[in-house]
Amino acid sequence: MTGTTAIDLARTLESGQFFRWRRRDDGFLIVTHGRAFVADDDLRVRGATRAFADRFFGPDLTEIHQTLERDPLLRPFLVEGLRILRQDPWECLVSFVTSCASNIPRIARNLDSLCASLGEPLPFDARAMPHPRALRDEKLLRRLGFGFRARHLVPLAREVERGALDGLDRLSTDEARVRLVSLPGVGVKVADCVLLFAYARFEAFPIDVHVRRAMTGLCFGGRPAGDRRIREEAARRWGAHAGVAQQHLYVRARSG
DNA sequence: GACCAGGCATCGA
DNA sequence: TCGATGCATGGT
């Protein structure tokens with residue numbers, strides 16, 4: 001038993017939760033947790049242990065999927081094989097601060113530039129996400145194309161260096177969110193992405209423009225609803241699995 | 001040349 | 001607590 005049943009790797013990587021991957025002839029190059037490895041559609045892995053890859057791929061969601069299917073409103077939005085990856089918290093934090101008012105190709109490009117410029121070399125010609133102490137120069141980040149996002153990244157890195165993420169995994173989701181939101185450049189949406197994609201808090205429900213549109217159409221008859229009501233509705237419908245539902249909604253809302 | 005993008009911080013009502 | 005605005009830049 002590998003723990004990697006029922007995963008569509010391509011669909012999962014393309015779902016906008018993780019940006020440090022690239023297609024190759026022989027599979028996908030994945031850079032995470034300071035390492036680089038290659039995985040193919042059959043989940044054969046090179047450059048990492050089975051256990052490392054499986055942990056990154058996240059837990060099997062078959063049971064959660066079956067639970068979500070019972071919601072007739074959500075059922076048409078569900079896609080097969082979509083996982084919630086388990087990312088490195090710092091790497092995930094940088095990624096979603098960078099995602100602010102951006103788009104997936106640009107986010108990936110920004111992060112690649114950052115890693116090429118400041119990251120340690122890895123196998124497969126990859127570069128790691130730089131350590132927080134390496135993010136010292138806002139002007140460099142602006143030259144790399146981060147725009148106004150550069151403003152927060154240096155102070156954010158300093159806070160992380162001082163231990164802002166230490167022990168976060170032992171806090172409740174609400175407590176962890178409070179701490180994340182206190183960091184520079186981190187609002188509720190970015191915090192929820194980090195909680196969902198790095199800490200496997202499946203109750204976290206990031207609301208971006210696509211999910212907001214999908215939810216107002218789905219649950220509020222197309223009438224505008226505040227994020228507070230959307231969050232309450234998601235919690236009421238899907239509870240501890242709201243974040244998983246969110247990722248399906250996001251994928252479908254973007255692909256049409 | 002608007003308009004929008006996996007938002008956040010700030011300010012005024 | 002809510003709505004408007006500025007923030008950089010690239011794509012449509």
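What you see below is based on every heavy atom in this structure, not just the backbone, and it leaves out hydrogens, waters and symmetry mates. All figures in this text were calculated on a predicted structure; none of them were measured in a lab. Chain naming here is simple, since letters A, B, ... match the order of the sequence lines and numbering starts at 1 in each.
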A/F197 and A/F96 aromatic ring geometry - parallel, tilted or perpendicular at 30°/60° bounds: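 A/F96 and A/F197: parallel rings.
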Under 4.0 Å between any heavy atoms, over every strand shown, what does [X] touch: base, sugar-phosphate, or nothing? Just pick one.
X: A/V190; answer: sugar-phosphate
X: A/S95; answer: nothing
X: A/R143; answer: nothing
X: A/I107; answer: nothing
X: A/G185; answer: sugar-phosphate
X: A/L144; answer: nothing

Rounded to whole angstrom units, what separation is found between the [atom1] atom of [X] and the [atom2] atom of [N]?
X: A/R20; N: B/dG6; atom1: CZ; atom2: C1'; answer: 18 Å
X: A/F96; N: B/dA5; atom1: CZ; atom2: C1'; answer: 14 Å
X: A/N110; N: B/dG6; atom1: CG; atom2: P; answer: 13 Å
X: A/L93; N: B/dC8; atom1: CG; atom2: C1'; answer: 13 Å
X: A/L180; N: B/dG7; atom1: CG; atom2: P; answer: 17 Å
X: A/I230; N: B/dG7; atom1: CD1; atom2: C1'; answer: 15 Å
X: A/H152; N: B/dT10; atom1: NE2; atom2: C1'; answer: 11 Å
X: A/H210; N: B/dC4; atom1: NE2; atom2: P; answer: 13 Å

Residues, nucleotides or ligands: over 12 heavy atoms within 6.0 Å of A/R75 CZ: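 Atom CZ in A/R75 is crowded, with more than 12 foreign heavy atoms closer than 6.0 Å.
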Heavy atoms of other groups near A/R237 CZ, more than 12 under 6.0 Å: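 Count over threshold, so yes.
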N/O donor-acceptor pair under 3.5 Å between A/S117 side chain and A/L114 backbone: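 A pair under 3.5 Å: no.
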Whether A/R24 side chain and A/L29 backbone form a donor-acceptor pair below 3.5 Å: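 Side chain of A/R24 to backbone of A/L29, a donor-acceptor pair under 3.5 Å: no, none is there.
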Cationic N near anionic O, under 4.0 Å, A/E161 to A/R158: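 No, A/E161 and A/R158 are not salt-bridged.
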B/S/- contact track for nucleotides 7-12 of chain C, protein heavy atom under 4.0 Å: BBBS--
Contact nearer the 5' end of DNA chain B, comparing A/Q246 with A/V181: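 On the 5' side of the pair lies A/Q246.
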Residue whose closest nucleotide on DNA chain B lies nearer the 5' end, A/P184 versus A/S99: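 That would be A/S99.
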Non-neighbouring partners of A/C100 that pass side chain to side chain contact (heavy atoms under 4.5 Å, CB included), sequence neighbours left out: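 Only A/F148, A/R149 meet the side chain to side chain contact (heavy atoms under 4.5 Å, CB included) criterion with A/C100.
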Integer angstrom distance from the P of B/dG6 to that of C/dT5: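 About 22 Å, rounded to a whole number of Å.
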Whole-angstrom distance between C/dA4 and B/dC3, as gauged at atom P: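 So the two P atoms sit 15 Å from each other.
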Using a 3.5 Å cut-off and no angle test, enumerate the donor-acceptor pairs between side-chain atoms of residues 180-194 of chain A and protein atoms at least two apart in sequence or in another chain.
residue	atom	partner	partner atom	Å
A/S182	OG	A/R179	O	2.6
A/D192	OD1	A/R177	NE	2.7
A/D192	OD1	A/R177	NH2	3.0

Proximity to the side chain of A/F197 - top-ranked nucleotide from B/dA5, C/dT1, B/dG6: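 Looking only at heavy atoms from C-beta outward on A/F197, the closest nucleotide is B/dG6.
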